[in-house]
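Down below is the structure, laid out as structure tokens.
Note that this is a predicted model, so its numbers are computed, not measured. Numbered from 1 within each chain, the chains take letters A, B, ... in sequence-line order.
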2 protein chains.
Amino acid sequence: MPSPSKREQIVDEALRLFYRHGFNATGVDKIIASAGVSKKTLYSHFRSKDELILATLRKRDEMFRNKMMRETERRAAAPRDRLLALFDFLGDWFNEDGFSGCMFINAAAEFSAQDNPSHMVAAEHKRLVVDYIREQAQLAGARDPAALAHQINLLMEGAIVYAHVIGDRQAATRARDMAEVFVRQQLDG
Amino acid sequence: MPSPSKREQIVDEALRLFYRHGFNATGVDKIIASAGVSKKTLYSHFRSKDELILATLRKRDEMFRNKMMRETERRAAAPRDRLLALFDFLGDWFNEDGFSGCMFINAAAEFSAQDNPSHMVAAEHKRLVVDYIREQAQLAGARDPAALAHQINLLMEGAIVYAHVIGDRQAATRARDMAEVFVRQQLDG
DNA sequence: TCTCAAGTAGACAGACCTGTACACCTTGAG
DNA sequence: CTCAAGGTGTACAGGTCTGTCTACTTGAGA
């Protein structure tokens, strides 16, 4: 049975390279060289490059949402404050070294067809993020948690695009200020 | 001297293919086959594929902003209404056949480095869109036209991501409703 | 110590990539 | 009619891509 740790090495390195350089621009040869494994090992874990891409997207989804939840909950205890703390998390992310936008937006860009498996994983990721926001909105006592979650998520997506395409460093705080309006709308008065 | 109409044929076809399938995934051979020109003709107009990509992005920028302005101004006469009509334009665009997101977000995704020439054209496009919104905000009498323009544009970017990645058909109206809040904030009371 | 599974290194097939070169055709101006 | 410029079609060089294959090495358990 192939070793799980080798598999992890491959996925971790593929994640880094796909995120930095894109999916089509990153060859299998570069992945195995960086991961320090042979081509045969890679193909014993994954039937094809496409399957490896799917595996990296699933891992990224898990890692990203875990970090988002952890960081958001570390910053604020009350659900209402957490809705805004999401944007502080974004701000830190934007200023990380090697920030290259949202990997799922990038995947949707390269795999444009909605029925492409990678595109579908990206869409699922976005839905799961909205789910988390909706939970917090519900805990905070929002009148329409689903609507508020979509509003907040839409602002987050906008901020990500701003930060990556234009390189706007204020994107996160700008979006946070906007989000505050909708949070107040649903939780005050 | 190479014929300008041939050049236009090449750029038009490259635009269609790059938008639908992505930049790296579209080979020069496919472009010349679709455009009905020989390889030599393409390379007499463009020194390299990269240069062709830049030319298509510049044309897309021109076409997109012209259409955006035309459609927005057709829908509403008053600058204030135009700020919201932008989202009606987006809604129509999202429902067009072959909608594949924003070509400049896609370009930034494939050419992730901020100093990549294609990425820089994408950033410039976004800045020019903001400029137009700011003009309208100013005409409408906004207290802080630049801030309002950024708010509206951030909502537009969010809507585009929603529409493309998740395939949300309501993205444009959702964003429009959100924009109304900020327009009111600056133009009423 | 023997065995066998998992791994490495690397050649290879076959396709596709960008960009160049060569031979030929077409067309309009002098 | 001549001829030069722009164009076509296609072969080609040199490289990269994915995915398969062979031959060899390593290490742990019976």
Side-chain angles (χ1 to χ4, degrees), chain A residues 1-58 106-107 109-113 116-119 121, chain B residues 1-58 106-107 109-113 116-119 121:
Chain A
M1 186 186 297
S3 143
S5 78
K6 288 283 171 186
R7 186 192 156 96
E8 208 166 353
Q9 268 179 57
I10 295 166
V11 172
D12 286 350
E13 206 53 40
L15 192 46
R16 198 180 64 80
L17 292 169
F18 285 150
Y19 180 58
R20 174 160 309 197
H21 303 293
F23 299 94
N24 281 313
T26 302
V28 170
D29 283 339
K30 271 173 198 146
I31 294 169
I32 61 171
S34 287
V37 301
S38 69
K39 208 178 253 196
K40 196 182 176 189
T41 302
L42 187 148
Y43 279 102
S44 76
H45 283 284
F46 307 97
R47 264 199 293 244
S48 65
K49 184 185 175 185
D50 285 343
E51 207 173 84
L52 172 60
I53 290 174
L54 287 174
T56 64
L57 287 174
R58 291 204 192 89
N106 297 352
E110 286 204 54
F111 309 111
S112 202
N116 178 292
S118 294
H119 192 120
V121 171
Chain B
M1 186 184 299
S3 144
S5 78
K6 289 281 172 190
R7 185 192 157 96
E8 208 166 352
Q9 270 177 56
I10 295 166
V11 172
D12 286 349
E13 205 53 40
L15 191 45
R16 198 179 63 79
L17 292 170
F18 285 150
Y19 181 57
R20 174 160 309 197
H21 304 292
F23 299 94
N24 281 313
T26 302
V28 169
D29 283 338
K30 271 174 198 147
I31 294 168
I32 61 171
S34 287
V37 301
S38 68
K39 208 177 254 196
K40 193 182 178 187
T41 302
L42 188 149
Y43 279 102
S44 77
H45 283 284
F46 307 97
R47 264 197 293 240
S48 65
K49 184 186 174 182
D50 284 344
E51 208 173 81
L52 172 58
I53 289 173
L54 288 175
T56 64
L57 287 174
R58 290 202 193 91
N106 298 350
E110 286 205 54
F111 309 112
S112 202
N116 178 292
S118 294
H119 193 121
V121 171

Taking side chain as C-beta onward, heavy atoms only, is Val28(B) less than 4.5 Å from Tyr43(B)?
-> yes
Is Ser118(B) close to Glu110(B) at the side-chain level, that is, under 4.5 Å between some pair of heavy atoms?
->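 The answer is no; the side chains never approach within 4.5 Å.
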Taking only the side-chain heavy atoms of Val37(B) (C-beta and beyond), determine which of dT18(D), dG7(C), dT8(D) contains the nearest atom.
-> dT8(D)
Choosing from dT18(D), dG7(D), dC17(C), which nucleotide comes nearest the side chain of Ser44(B)?
-> dG7(D)
5'-most contact on DNA chain C: Lys40(B) or Tyr43(B), nearest heavy atom basis?
->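 The answer here is Tyr43(B).
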Mind calculating the distance between [atom1] ([X]) and [atom2] ([N]) to the nearest angstrom?
X        : N       : atom1 : atom2 : value
Leu42(B) : dT10(D) : CG    : P     : 17 Å
Lys39(A) : dT22(D) : NZ    : P     : 16 Å
His45(B) : dA5(D)  : NE2   : C1'   : 13 Å
Asn24(A) : dT18(C) : CG    : P     : 12 Å
Ile31(A) : dC17(D) : CD1   : C1'   : 12 Å
Gln9(B)  : dG7(D)  : CD    : C1'   : 12 Å
Lys49(A) : dT16(D) : NZ    : P     : 15 Å
Arg47(A) : dG19(D) : CZ    : C1'   : 14 Å

When you look at Phe46(A) and Arg7(A), which way does the side chain to side chain contact (heavy atoms under 4.5 Å, CB included) test go after all the steps?
-> CA-CA 9 Å; Phe46(A) 307 97; Arg7(A) 186 192 156 96; 3.5 Å; yes
Give one of base, sugar-phosphate or nothing for Lys6(B), where a contact means two heavy atoms less than 4.0 Å apart.
-> sugar-phosphate
Is there a donor-acceptor contact under 3.5 Å from the side chain of Gln9(A) to the main chain of Gly36(A)?
->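 Looks like no, no N/O pair under 3.5 Å.
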Ignoring backbone atoms, test whether Thr41(A) places a side-chain nitrogen or oxygen under 4.0 Å from the OP1 or OP2 oxygen of dT8(C).
-> yes
